[in-house]
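Just the heavy atoms: all of them, side chains too, but no hydrogens, waters or symmetry mates, feed the values below. In what follows, chains carry the letters A, B, and so on, assigned in the order in which the sequence lines appear, proteins first and then strands, with residues in each chain numbered from 1.
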Number of protein chains: 2
Amino acid sequence: MNVQLLNKKEAIFESTLKLINEYGFHGTPMSQIAAHANVATGTIYHYFSSKDELILELFKYCREKTNEHIFDFKEDLPYKERFFYIWNRLVDYYIAHKETFWFIEQFYSSPYYELIKQKKTTYYGVDKMHLFFEEGIKSGILRNVSFYTLISIYIGSATSHVKMVTYGFCKMQAKGRAELIEIIWNGVKNQYQ
Amino acid sequence: MNVQLLNKKEAIFESTLKLINEYGFHGTPMSQIAAHANVATGTIYHYFSSKDELILELFKYCREKTNEHIFDFKEDLPYKERFFYIWNRLVDYYIAHKETFWFIEQFYSSPYYELIKQKKTTYYGVDKMHLFFEEGIKSGILRNVSFYTLISIYIGSATSHVKMVTYGFCKMQAKGRAELIEIIWNGVKNQYQ
DNA sequence: ATTTAACAATTGAACGTTCATTCGGGTGCA
DNA sequence: TGCACCCGAATGAACGTTCAATTGTTAAAT
């Protein structure tokens, strides 16, 4: 009775996203998703072969939308500015789309992720980040540390921050956020240039 | 047929931990937990009033065990060493107890956490961290940034790192780990002392 | 020392509900 | 006429929880 806009497939996605956030993977029956999306239960099975597939597809959908958003910028900014920009775009996007954020978090830490981890399909987001960090190291702007170290700090702190904010722990969001990315920059920039 | 050691309550905890890691909150029926813990289904209801309560109690149990472990050290180390020590203890513990780690992650990002978030019961772990960071700031060793900023970086990077390692993405664990905590230290230490 | 009684712990079959999935039928468009 | 899309009641399996019955334990009473 809520989502009318979009085509049915997207309505199903959006409803699933909302309900899973509220009630979890369990606790969200297909019938409820259908009702919320204004379709019949059977219709979902026209688009997805099972509940698991629906959830898997929704995960890809969320991840793509997020990546589209954060890498949308003019390439010619100085490196440091891009470093701040991408991080802030990510935090912005997650805070503006809390349901997407929490769904992705829930998915990553559930056994679902095991189902797609193996897939060698080079994942767009990781590729982009890889190139971005590599550029920073090659040009001597970033310290020469491993990609996974950089990702852990860069993404880990962003998600932690979003968690704090959405939990309601963290007042003074803007200040905290500025402090955070600046500390990270301090930590990873090359000191001897 | 597996866990025989401990008393029944702990056997139920350990079985729940293992099975939820493998199959998720859903996908883990009480009957299966009972079978794995070598008790009858009804026995679980002698110790816990419902499945939800079992999961909530298990969460507290895991959190306490983790905190006991990471804050176990001699107070007289220099600040910087404690800063590295606690972080490494946390990473060590999670890597040695992957099931605890993933259960906590799953719990935090699920609707379960909403159920206990409100509880004002000053949570031991957060208190300890608060004092620890406060000490660093007051003595001028750490930059004067907000507690939640420090927590986001310190804990966020640790969990990110553990995720990378348990996903199997990150080879050369020891090097990556040393890089990470050093970068964080670089970022948060006071530059002008 | 033995009996007794109260209570705690344990069992697993049975119950009632919920839920993912199926299916037979309907509608509108090429 | 065929095909894609859509419906929602029906199905059947799975699951959380209950409960009457059994066993184990503790400690007061004899």
Where along nucleotides 6-11 of chain C does protein come under 4.0 Å, by heavy atom, of base (B) or sugar-phosphate alone (S), with - for untouched nucleotides? ---SBB
Indicate for each nucleotide in nucleotides 24-30 of chain C, in 5' to 3' sequence, whether protein heavy atoms under 4.0 Å reach the base (B), only the sugar-phosphate (S), or nothing (-). -------
To the nearest 0.5 Å, what is the distance between CE (Met129(B)) and CD1 (Ile70(B))? 6.5 Å
Spatial distance of atom CD1 (Ile86(B)) from atom NZ (Lys128(B)) [nearest 0.5 Å]: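 Reported value, rounded in 0.5 Å steps: 8.5 Å.
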Give a yes or no on whether a salt bridge exists between [X] and [Y], defined as a side-chain N under 4.0 angstrom from a carboxylate O.
X	Y	answer
Lys9(A)	Glu57(A)	no
Glu64(B)	Lys60(B)	no
Glu114(A)	Lys117(A)	yes
Glu14(A)	Lys18(A)	no
Glu68(B)	Lys65(B)	no

Figure out the [atom1]/[atom2] separation between [X] and [N], and round it to whole Å.
X	N	atom1	atom2	value
Met30(A)	dA20(C)	CE	C1'	7 Å
Ile20(B)	dG16(D)	CD1	P	10 Å
Asn7(A)	dA4(D)	CG	C1'	15 Å
Phe25(B)	dG16(D)	CZ	C1'	17 Å
Leu54(B)	dT17(D)	CG	C1'	14 Å
Ile33(A)	dG8(D)	CD1	P	17 Å
Glu53(B)	dG16(D)	CD	C1'	14 Å
Lys51(B)	dA14(D)	NZ	C1'	11 Å

Hey, does Thr28(B) reach any base, or is it just sugar-phosphate, or nothing, if we go heavy atoms under 4.0 Å?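 Result for Thr28(B) = sugar-phosphate.
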Decide side chain to side chain contact (heavy atoms under 4.5 Å, CB included) for Tyr45(A) and Glu53(A); before the verdict, give the C-alpha distance in whole Å, the side-chain angles of both, and the deciding distance to 0.1 Å. CA-CA 10 Å; Tyr45(A) 287 86; Glu53(A) 201 199 80; over 6 Å; no
Ring pair (Phe, Tyr, Trp, His ring centres under 6.0 Å) partner of Phe59(B), the single match among Phe25(B), Phe13(B), Tyr112(B), Phe107(B): Phe107(B)
